[in-house]
Participant: 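Pasting a structure here, questions to come.
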Amino acid sequence: MKPSLPAQPNHIAILRLSALGDVCNLVPTVRALQRQWPHARITWIIGKGEYSLLAGLSGVEFVVYDKSTGLAGMRALWKSLSDTRFDVLLHMQQAIRASVLSLGLKANVRVGYDKPRAKDAQHWFTQHQLAPHPNAHVLESFMDFARLLGVEDDHLEWNLAVPPLAYEEARGVSGDAPYLVINPCSNARLRNFRNWSVEGYASVIEHAWVQHGLTSVLTGGGSSLEREIGDQIEALCQPGSVINAIGGTSLKGVLALIDNARAVIAPDTGPAHMGNAMGTPTLGLYATTNPQRAGPYCWRDFAVNAYSEAVRTYLNKSVEDVSWGQRVRHADAMDLIKADDVIAKLDALLAYTAAQPTTGPSDES
């Protein structure tokens with residue numbers, strides 16, 4: 001017999017290990033659960049890098065799992081939680097590794113995705129599944145877990161923790177002049193193909209500098225590819241128009257940079273969703289993934305969207321004929337995005353936010 005969902009949970013577990021953008025999109029669900037049950041404990045099992053981004057999130061106990069530790073790390077985590085039984089486990093990671101990890105956790109009931117959204121047979125590891133929600137944004141898919149438990153107040157709220165030292169770090173990078181944050185690279189996973197051209201970024205930086213008086217701060221990790229791309233962009237730009245901080249900031253420092261930026265420009269990668277979470281105007285660059293599913297949620301109207309053209313060009317199909325979430329894995333797909341398109345969207349975004357200053361996504365409904 002299938003166990004019932006708790007009407008008044010005292011201890012809620014969230015299992016979501018990665019990635020940076022996804023954990024940002026999950027925070028509004030945490031806030032919705034906290035509003036519904038302010039006295040409930042919430043334990044979030046999270047990845048190591050993702051924890052460094054969200055550390056200090058109010059009302060949340062984090063248990064960190066370093067994926068590099070494999071099964072030994074799982075056993076250590078299970079042992080640390082051996083005396084803990086959760087009222088409900090919200091299994092929000094569609095990956096076999098997370099499902100295996102879930103097996104060693106004690107929970108009265110386990111909730112996962114409905115079969116169409118459950119990758120890697122995740123529905124085999126849960127007792128309750130979400131109601132179908134075709135064509136849902138990633139953020140909405142997370143919020144569906146709260147709705148299944150009976151949460152009605154699903155307005156968006158983040159309130160990420162950014163310590164004063166992070167703002168000091170950011171100020172040391174940006175100085176006091178107004179600036180954009182540009183995070184040019186996405187995750188370097190095999191056949192990801194989400195990065196735009198260095199020439200395109202250089203053109204946008206030139207426009208922002210000349211037409212808007214904005215310096216561009218480049219952010220990113222310390223990989224050799226990211227550093228190389230940052231150096232190539234910088235070499236094409238006027239002196240003073242760009243600050244190359246790739247590999248030179250902490251994740252909290254990037255959050256602080258984003259918080260004080262005039263806008264964020266990024267492909268489908270974590271900082272696009274970090275910008276959304278901080279209430280900073282965000283311009284996403286999308287061709288290989290669908291921005292209606294994975295774009296910065298509150299700024300989807302300002303995304304440069306070449307996804308339909310990419311599906312047509314490289315898959316010989318229309319968007320209506322491919323599955324929701326279908327990726328276009330072609331090395332040339334991002335070349336469909338033209339610098340003039342990005343510049344036009346940037347001008348529109350800056351004009352919109354100047355005329356109607358944003359109060360942040362926490363006030364969106």
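Scope of the values below: all heavy atoms of this structure, side chains included, with no hydrogens, waters or symmetry mates.
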Participant: Between L139 and L156, is any pair of side-chain heavy atoms under 4.5 Å apart?
Facilitator: yes
Participant: Main chain of I46, side chain of R16: is a donor-acceptor contact present, judged purely on distance under 3.5 Å?
Facilitator: no
Participant: Would T289 and R194 satisfy side chain to side chain donor-acceptor pair (under 3.5 Å), going step by step from the backbone distance to the final call?
Facilitator: CA-CA 8 Å; T289 50; R194 298 179 188 178; 5.0 Å; no
Participant: Looking only at heavy atoms, which two atoms of S99 and Q122 are closest? And how far apart?
Facilitator: OG-CG, 3.8 Å
Participant: Would you check if the side chain of Q93 reaches a backbone N or O of S18 as a donor-acceptor pair within less than 3.5 Å?
Facilitator: yes
Participant: Answer yes or no: does atom CG of N135 have more than 12 heavy-atom neighbours from other residues, nucleotides or ligands under 6.0 Å?
Facilitator: yes
Participant: Report the distance from atom OH of Y352 to atom CG of D301, rounding to the nearest 0.5 Å.
Facilitator: 8.5 Å
Participant: With a 3.5 Å distance limit and no angle check, can you tell me whether H11 reaches the backbone of I42 through a side-chain donor-acceptor pair?
Facilitator: no
Participant: Do L214 and L350 touch side chain to side chain, with heavy atoms closer than 4.5 Å?
Facilitator: yes
Participant: When rounded to the nearest 0.5 angstrom, what is the spacing between OG1 in T219 and CG in L251?
Facilitator: 10.0 Å
Participant: Decide yes or no for Q36 and D153: does some side-chain heavy atom of the first lie under 4.5 Å from some side-chain heavy atom of the second?
Facilitator: no
Participant: Can you find a heavy atom in the side chain of L160 that is under 4.5 Å from one in the side chain of M278?
Facilitator: yes
Participant: On a heavy-atom basis, which atom in L180 and which in A208 lie closest, and how many Å separate them?
Facilitator: CD1-CB, 3.6 Å
Participant: Do Q8 and N10 have side-chain N/O donor and acceptor atoms under 3.5 Å apart?
Facilitator: no
Participant: Any side-chain heavy atom of D120 within less than 4.5 Å of one from Q94?
Facilitator: no
Participant: Between R312 and S318, do the side chains contain an N or O donor and an N or O acceptor separated by less than 3.5 Å?
Facilitator: no
Participant: Working to the nearest 0.5 Å, report the span between CG of L257 and OH of Y167.
Facilitator: 10.0 Å
Participant: To the nearest 0.5 Å, how far apart are CD1 in I14 and OG1 in T29?
Facilitator: 7.5 Å
Participant: Is the shortest side-chain heavy-atom distance between S216 and W209 below 4.5 Å?
Facilitator: no
Participant: The test is side-chain contact (heavy atoms from CB on, under 4.5 Å); show your working for Q34 and V60 and say whether it passes.
Facilitator: CA-CA 9 Å; Q34 289 173 327; V60 177; 3.9 Å; yes
Participant: Give a yes or no on whether M92 and L81 share a hydrophobic cluster (residues Ile, Leu, Val, Met, Phe, Trp, Tyr; joining criterion: side-chain heavy atoms under 4.5 Å apart).
Facilitator: no
Participant: Check F125 against H91 and note the closest heavy-atom contact, atom names and distance.
Facilitator: CB-CD2, 4.5 Å
Participant: If we ignore hydrogens and angles and just use 3.5 Å, is the side chain of W196 paired with the main-chain N or O of I337 as donor and acceptor?
Facilitator: yes
Participant: With side chains defined as the heavy atoms from C-beta onward, is the minimum distance between L90 and L149 less than 4.5 Å?
Facilitator: yes
Participant: Validate the cation-pi geometry between R147 and F145: distance from NZ or CZ to the six-membered ring centre under 6.0 Å, angle to the ring axis within 45°.
Facilitator: no
Participant: Minimum heavy-atom separation for N108 and Q127, please, with both atom names.
Facilitator: O-OE1, 4.2 Å
Participant: Go through the steps to decide whether V204 and I265 satisfy the test side-chain contact (heavy atoms from CB on, under 4.5 Å), and finish with yes or no.
Facilitator: CA-CA 10 Å; V204 173; I265 302 175; 3.8 Å; yes
Participant: Would you call R262 and Y179 a side-chain contact if the rule is heavy atoms closer than 4.5 Å?
Facilitator: no
Participant: Once you round to the nearest 0.5 Å, how far does CG of N195 lie from CG of L285?
Facilitator: 10.0 Å
Participant: Could you check E206 against Q238 for side-chain contact (heavy atoms from CB on, under 4.5 Å), going step by step and ending with a plain yes or no?
Facilitator: CA-CA 7 Å; E206 173 77 7; Q238 292 188 49; 2.8 Å; yes
Participant: Please find the pair of heavy atoms, one from N25 and one from H273, that lie closest to each other, and give the distance.
Facilitator: ND2-ND1, 3.4 Å
Participant: Which heavy atom in A272 sits nearest to a heavy atom in T282, and how many Å separate them?
Facilitator: O-CG2, 3.5 Å
Participant: Ignoring hydrogens and angles, tell me if any N or O in the side chain of T280 forms a donor-acceptor pair with the backbone of N276 under 3.5 Å.
Facilitator: no
Participant: Within the side chain of T313, is there an N or O that forms a donor-acceptor pair under 3.5 Å with the backbone of E309?
Facilitator: yes
Participant: In sequence, state the C-alpha distance, the side-chain angles, and the governing distance for K106 and D83, and then conclude on salt bridge (Lys or Arg N to Asp or Glu O under 4.0 Å).
Facilitator: CA-CA 9 Å; K106 298 174 183 177; D83 294 329; 5.6 Å; no
Participant: With no hydrogens and no angle check, is any side-chain donor or acceptor of R300 less than 3.5 Å from a backbone partner on Y297?
Facilitator: yes
Participant: Any chance you could lay out the side chain to side chain donor-acceptor pair (under 3.5 Å) test for N159 and R31, step after step, and finish with the verdict?
Facilitator: CA-CA 9 Å; N159 295 328; R31 297 306 190 199; over 6 Å; no
Participant: Using the side chain to side chain donor-acceptor pair (under 3.5 Å) rule, take H212 and D347 through it: C-alpha gap first, then chi angles, then the decisive distance, then the call.
Facilitator: CA-CA 9 Å; H212 298 286; D347 289 344; 2.7 Å; yes
Participant: Mind checking whether W44 and F62 have parallel, tilted or perpendicular rings, split at 30° and 60°?
Facilitator: tilted
Participant: Could you tell me whether the side chain of D66 and the main chain of K48 form a donor-acceptor pair under 3.5 Å?
Facilitator: no
Participant: Determine which pairs satisfy side chain to side chain donor-acceptor pair (under 3.5 Å) with at least one residue from residues 242-257, sequence neighbours left out, and list them in order.
Facilitator: E169-S250, D231-N244, E234-N244
Participant: Would you please indicate if the ring centroids of Y307 and Y286 are separated by under 6.0 Å?
Facilitator: no
Participant: Using a 3.5 Å distance criterion without hydrogens, assess whether the side chain of T269 forms a donor-acceptor pair with backbone atoms of S186.
Facilitator: no
Participant: Identify whether I182 and I343 are in the same connected component of the hydrophobic contact network (ILVMFWY, side-chain heavy atoms under 4.5 Å).
Facilitator: yes
Participant: Would you sort out whether E226 and S223 count as a side chain to side chain donor-acceptor pair (under 3.5 Å), showing the intermediate values?
Facilitator: CA-CA 5 Å; E226 289 172 282; S223 71; 2.8 Å; yes
Participant: Say you draw a straight line from CD1 of I258 to CE of M274; how long is it, rounded to the nearest 0.5 Å?
Facilitator: 4.0 Å
Participant: For L77 and L105, what are the C-alpha separation, side-chain angles and deciding distance, and is it a side-chain contact (heavy atoms from CB on, under 4.5 Å)?
Facilitator: CA-CA 9 Å; L77 187 148; L105 304 173; 3.8 Å; yes
Participant: Under a single-linkage definition using a 4.5 Å side-chain heavy-atom cutoff for Ile, Leu, Val, Met, Phe, Trp and Tyr, are L103 and L15 assigned to the same hydrophobic cluster?
Facilitator: yes
Participant: Tell me whether L89 shares a hydrophobic cluster with V111, the cluster being built from Ile, Leu, Val, Met, Phe, Trp, Tyr side chains joined at under 4.5 Å.
Facilitator: no
Participant: Whether the side chain of N290 engages the backbone of Q292 through a donor-acceptor N/O pair (distance < 3.5 Å, no angle test) should be reported.
Facilitator: yes
Participant: Count I, L, V, M, F, W, Y as connected when their side-chain heavy atoms are under 4.5 Å apart, and connections chain through other members. Are I45 and Y51 then in the same cluster?
Facilitator: no
